[in-house]
Amino acid sequence: MAKSMSVRNLNAWYGPQHTLKDISIDLDEKMATAIIGPSGCGKSTFIRCLNRMHETAPYAKVTGEVKLGDENLFDLDPVDVRRVVGMVFQKPNPFPTMSIFDNVAMGLKLGGIRKQSELRERVERALQMAALWNEVKDRLNRPATALSGGQQQRLCIARALAVEPDVLLMDEPASALDPISTMRVEELVEQLKNDYTVVIVTHNMQQAARVADRTAFFLSGELVEFGETTKIFTKPSDSRTEDYITGRFG
Ligand SMILES: Nc1ncnc2c1ncn2[C@@H]1O[C@H](COP(=O)(O)OP(=O)(O)OP(=O)(O)O)[C@@H](O)[C@H]1O
Ligand SMILES: [Mg+2]
């Protein structure tokens, strides 16, 4: 079930470096929100705060409030958070020694599902949703590493979806993909936002414009502007947003 995330005065540090400064933003359910901004502005750090991964980095610190639905994110067990707030990384990272099937089934098994028929059904459903089923249904026992980069990325998306998260965070999920795989991932985001809260980090402005309902522009750890994607790309209120989207810096 999709849940919203409501972020208030989020600050994050790596040691002395103040990386995120007072971020407040509402990530509404059944919406895709794009996070854009120049390299190093804190996009990955931001989404890593949302599934409690940031605090696992050495010397990392985070303050502020994040609500996941009605609950306080920082009061929950991080392991439980990661089950309901799924993450897809820039570089596909399937479990290399596992088969295609086991990559997707892993989270379900950890969640206590043992019945083979149920596992098969859930794995198929996740692979269908990630638009990979037709390409792999005859070789589910082959190693995940035998897939192409684009297929591995869709496998990682299937792995994240299999456990039916409430929120899906995607960190430049298509940056290493060819145009056809990129288009598939974009179509998938379109479809996923009917059921999930989707947050997608991207360097590709056209991609943000195509898939996101709302767009947030980050600069040097600050949220400069957040609003409807069409407004951000056609009538931004802040001149720094305009400079960035028109390619004057970043
Ligand atoms: N594990 C870490 N330890 C120390 N500093 C880090 C760590 N990860 C990121 N940083 C620093 O935090 C800042 C923000 O990094 P972050 O990865 O969030 O940027 P980004 O917007 O995702 O950039 P990119 O578009 O290049 O992926 C940068 O100055 C970076 O060097
Ligand atoms: Mg990043």
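We count ligands from 1, going down the list as the structure has it; atoms in each ligand are counted the same way. Note that the coordinates shown come from a computational prediction; the quantities given were computed from them, not determined experimentally.
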Exercise. Which is it for L155 and F95 under the side-chain contact (heavy atoms from CB on, under 4.5 Å) test, yes or no, and what are the steps along the way?
Worked result: CA-CA 10 Å; L155 181 69; F95 304 124; over 6 Å; no

Exercise. Between D28 and S4, is any side-chain donor less than 3.5 angstrom from a side-chain acceptor?
Worked result: no

Exercise. Between the Mg ion (ligand 2) and T45, is there an N, O or S atom separated by less than 2.8 Å?
Worked result: no

For this session: Start with the C-alpha distance between H54 and Y14, add both sets of side-chain angles, then the distance that settles ring-ring contact (aromatic ring centres under 6.0 Å, His included), and finish with yes or no.
Result: CA-CA 9 Å; H54 172 67; Y14 293 100; 4.9 Å; yes

Problem set entry | Donor-acceptor contact present, side-chain R122 to main-chain L108, <3.5 Å | no

Please tabulate, one pair per line, all N/O donor-acceptor pairs under 3.5 Å involving side-chain atoms of residues 217-231, not counting sequence neighbours.
| residue | atom | partner | partner atom | Å |
| --- | --- | --- | --- | --- |
| E225 | OE1 | S237 | N | 3.3 |
| E225 | OE1 | D238 | N | 3.0 |
| E225 | OE1 | T241 | OG1 | 2.7 |
| E225 | OE2 | S237 | N | 2.7 |
| E225 | OE2 | S237 | OG | 3.1 |
| T229 | OG1 | A212 | O | 2.7 |
| T229 | OG1 | D213 | O | 3.1 |
| T229 | OG1 | R214 | N | 3.2 |
| T229 | OG1 | T215 | OG1 | 2.9 |
| K231 | NZ | K235 | O | 3.2 |
| K231 | NZ | S237 | OG | 3.0 |

For this session: Quick one, list the residues around ligand 1 where some non-hydrogen atom comes in under 4.0 Å, by chain and residue number.
Result: Y14, Q17, T19, P38, S39, G40, C41, G42, K43, S44, T45, E172, H203

For this session: May I ask you to establish whether R139 and F101 are in a cation-pi arrangement, using a distance under 6.0 Å from NZ or CZ to the six-membered ring centre and at most 45° from the ring axis?
Result: no

